[in-house]
2 protein chains.
Amino acid sequence: MQQKKSEATRERLVATALRLFREQGYDRTTMRAIAAEAGVSTGNAYYYFSSKNDLVQALYHSLQDEHRARSLPLLRDGQNLGEHLRAILQSGIDVMGPYHDFGFNFIGVAIQPSSNLGPFSDDSSVARAKSIALFNQAVNTARPQPPLAIRADLPELLWLVYMGVTLFWVYDRSPGQRRTRRLIDNAAPLIAKLVILSRLPVVRKIVDDVVQLIKNTKQ
Amino acid sequence: MQQKKSEATRERLVATALRLFREQGYDRTTMRAIAAEAGVSTGNAYYYFSSKNDLVQALYHSLQDEHRARSLPLLRDGQNLGEHLRAILQSGIDVMGPYHDFGFNFIGVAIQPSSNLGPFSDDSSVARAKSIALFNQAVNTARPQPPLAIRADLPELLWLVYMGVTLFWVYDRSPGQRRTRRLIDNAAPLIAKLVILSRLPVVRKIVDDVVQLIKNTKQ
DNA sequence: TCTCCTTCTTGAACACGTTCAAAAGAGTCT
DNA sequence: AGACTCTTTTGAACGTGTTCAAGAAGGAGA
């Protein structure tokens, strides 16, 4: 019985935080306000979330779930990879849109290795894996299938592209983040073309080098 | 007479801030401590720098000057582009090394459009131009010369690579940032090779697309 | 019902970045 | 010297994220 109530309080805090973040932006949303609007004391908010950034993390996870939910129906079998990539990236921007104000914090949450040192409790790597799984789906359902040689590495590479686009979006001050949308529209087919071209020996060699570079750098 | 003293105070503040940042990291260095160590009141520090981030910006500019000073002698005529690129990137890491703690703030300063809205007073774009000039030098003194077709765009592309590497460095938790150094050692020759290959029609077409993409997205 | 333990909740307190009204200092003109 | 202006300096104050000792609430066993 205690558990249910506790869980309810936690969810009320997340919901309130999300709303206030959306309505007033990150900086103007104070922990005191979140707690008050959720009907608890300031200290109690810290019982559930160890920092304001923790709440951003909760928001990030929630957005990621929404991103997945929105993207999957768009990945229709038989579309080419460029279309899939475009769909995923654009819907990513759509989902994050209302929170553009503090995209800066997102990047931190998305890339930063969490402070949890336990080998399995790494929260952000779970999120990363989830995100990569989405690109995996995009690759697997695309027609024509990408060359076998890079098919395995492609999801991670696309995720990197996604991170890059997100970074661009964070610093995109154009109204409605038009420039990011244009970037996506142009980059998605280009990347798809590149993937096809990776069949050619010259390009293939470069891609191999890049993949090797990434693997090599990863310890 | 007043001016000299004022300038001295300003410089004392920057010097103190740099030292404390280096010794204690960003978060543990308080504005109160900087002011106290510099022998002025807290409020006075704000007379010279409108925020703590402003001091980071000062540090960033100082590091950029040092980066330039260290890199230029390494760009010997006749070395190939890969060597030049490697030299610039590695010395960039060297210079930033002691401040790895708050590299996160650097990225912000480096990329973020400053709040100054005046068309010419944009502080960060000056810094950017300075940085790009360095890559321009690297390109111009390299032998063999890169293909004419991309020579003009190359400095900016390399600057983008530099930004990417810096981003990687920020999140690189390996001791001494070894992984970033390895990344540079592997990526520099690869990129140089790519530049050479851009003579081939296939690759050339891709590079053109990328350049077009960037130009296109830039409004 | 009483006792004990765990979970949850509180509000005051702390340290920080930042602001501001007020004062001190420096220079200039009469 | 004195009056006036502009620059520089001060320290208290505000609002913020975060911590913490203390207590309330809930459940389990006697």
Side-chain angles (χ1 to χ4, degrees), chain A residues 1-21 23-60 101-102 104-106 108-109 112 114-116, chain B residues 1-21 23-60 101-102 104-106 108-109 112 114-116:
Chain A
M1 198 70 277
Q2 213 173 357
Q3 291 174 31
K4 293 239 157 103
K5 206 178 155 198
S6 181
E7 193 54 36
T9 307
R10 182 191 202 87
E11 276 165 20
R12 199 148 23 88
L13 276 167
V14 175
T16 309
L18 262 62
R19 181 169 59 79
L20 292 183
F21 282 155
E23 288 174 5
Q24 328 185 343
Y26 180 74
D27 283 331
R28 278 205 296 270
T29 302
T30 69
M31 287 298 279
R32 283 168 178 80
I34 296 172
E37 290 264 315
V40 299
S41 70
T42 311
N44 199 18
Y46 280 91
Y47 178 76
Y48 289 100
F49 299 93
S50 67
S51 69
K52 196 179 178 183
N53 198 53
D54 236 45
L55 278 165
V56 174
Q57 204 158 108
L59 166 54
Y60 175 69
D101 243 30
F102 57 114
F104 199 57
N105 300 73
F106 280 157
V109 172
Q112 216 161 28
S114 95
S115 45
N116 294 339
Chain B
M1 197 74 277
Q2 212 173 358
Q3 291 174 30
K4 293 239 156 103
K5 204 176 154 200
S6 181
E7 194 54 35
T9 307
R10 183 190 202 86
E11 277 164 20
R12 198 147 24 87
L13 276 167
V14 174
T16 309
L18 261 61
R19 180 169 59 79
L20 292 184
F21 282 154
E23 288 174 6
Q24 327 185 346
Y26 179 74
D27 284 330
R28 278 206 295 269
T29 301
T30 69
M31 287 299 279
R32 283 168 177 80
I34 295 173
E37 290 265 316
V40 299
S41 70
T42 313
N44 200 20
Y46 279 91
Y47 178 76
Y48 289 101
F49 300 93
S50 67
S51 69
K52 194 178 178 182
N53 198 53
D54 237 45
L55 278 166
V56 174
Q57 205 157 107
L59 166 55
Y60 175 68
D101 244 30
F102 57 114
F104 199 57
N105 300 73
F106 280 157
V109 172
Q112 214 158 29
S114 92
S115 45
N116 294 339

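Residue numbers begin at 1 in each chain, while the letters A, B, ... track the order of the sequences.
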Practice task
Would you mind reading off the bend of the helix from C:dT1-D:dA30 to C:dT30-D:dA1 from its two end axes, five pairs each, to 10 degrees?
Solution key: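 End axes: 20° apart.
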
Write down the protein N/O and nucleotide N/O pairs, taken from nucleotides 18-21 of chain C, whose separation is under 3.5 Å; answer none if there are no such pairs.
{"residue": "C:dT18", "atom": "OP2", "partner": "B:Y46", "partner atom": "OH", "Å": "2.9"}
{"residue": "C:dT18", "atom": "OP2", "partner": "B:K52", "partner atom": "N", "Å": "2.8"}
{"residue": "C:dT18", "atom": "O5'", "partner": "B:Y46", "partner atom": "OH", "Å": "3.4"}

Handout entry: cation_pi(A:R10, A:F49) dist<6.0 Å, angle<=45
Key =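 Because its charged atom sits under 6.0 Å from the ring centre and within 45° of the axis, A:R10 does stack over A:F49.
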
Could you check how far [atom1] of [X] sits from [atom2] of [N], rounded to whole Å?
X     : N      : atom1 : atom2 : answer
B:F49 : D:dT8  : CZ    : P     : 13 Å
B:E11 : D:dT8  : CD    : P     : 14 Å
A:L13 : D:dT18 : CG    : P     : 14 Å
B:R28 : C:dG17 : CZ    : C1'   : 18 Å
B:I34 : C:dC16 : CD1   : P     : 12 Å

Practice task
Return the minimal non-hydrogen interatomic distance between A:L55 and A:V14, and the atom names on each side.
Solution key: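 Taking A:L55 first and A:V14 second, the nearest heavy atoms are CD2-CA, 4.4 Å.
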
Exercise for the section: Compare the minimum distances between each of C:dT7, D:dT16, C:dC16 and the side chain of B:T30, then state the nucleotide with the smallest one. Expected result: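 Nucleotide nearest to B:T30's side chain: C:dC16.
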
Exercise for the section: For the side chain of B:S41, starting at C-beta, report the closest nucleotide among D:dT16, C:dT10, D:dG11. Expected result: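 Among the listed nucleotides, the one closest to the side chain of B:S41 is D:dG11.
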
Could you give the distance from [atom1] ([X]) to [atom2] ([Y]), rounded to the nearest 0.5 Å?
X     : Y     : atom1 : atom2 : result
B:L13 : B:D54 : CG    : CG    : 11.5 Å
B:M31 : B:K52 : CE    : NZ    : 8.0 Å
A:R32 : A:I34 : CZ    : CD1   : 11.5 Å

Problem - Phosphate contact (C:dC8 OP1 or OP2) by A:Y47 side-chain N/O below 4.0 Å - result: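 Result: yes.
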
Table please: side-chain donor-acceptor pairs of residues 38-45 of chain B below 3.5 Å, with sequence neighbours left out.
{"residue": "B:S41", "atom": "OG", "partner": "B:N44", "partner atom": "N", "Å": "3.3"}

Exercise for the section: Not counting sequence neighbours, which residues clear side-chain hydrogen bond (donor to acceptor under 3.5 Å, both in side chains) with A:Y46? List them please. Expected result: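 Applying side-chain hydrogen bond (donor to acceptor under 3.5 Å, both in side chains) to A:Y46 gives none.
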
Handout entry: Results of ring-ring contact (aromatic ring centres under 6.0 Å, His included) for B:F21 - residues two or more places apart only
Key =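 Listed in chain order: B:Y26, B:F102.
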
Exercise for the section: Remember a base hit wins even if backbone is also touched, and classify A:Y48 as base, sugar-phosphate or nothing at under 4.0 Å, heavy atoms. Expected result: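 The residue A:Y48 makes sugar-phosphate contact but no base contact.
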
Practice task
Tell me, please, which residues at least two apart from A:R19 pass salt bridge (charged side-chain N to carboxylate O under 4.0 Å, His left out).
Solution key: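 A:R19: salt bridge (charged side-chain N to carboxylate O under 4.0 Å, His left out) contacts with A:E23, A:E37.
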
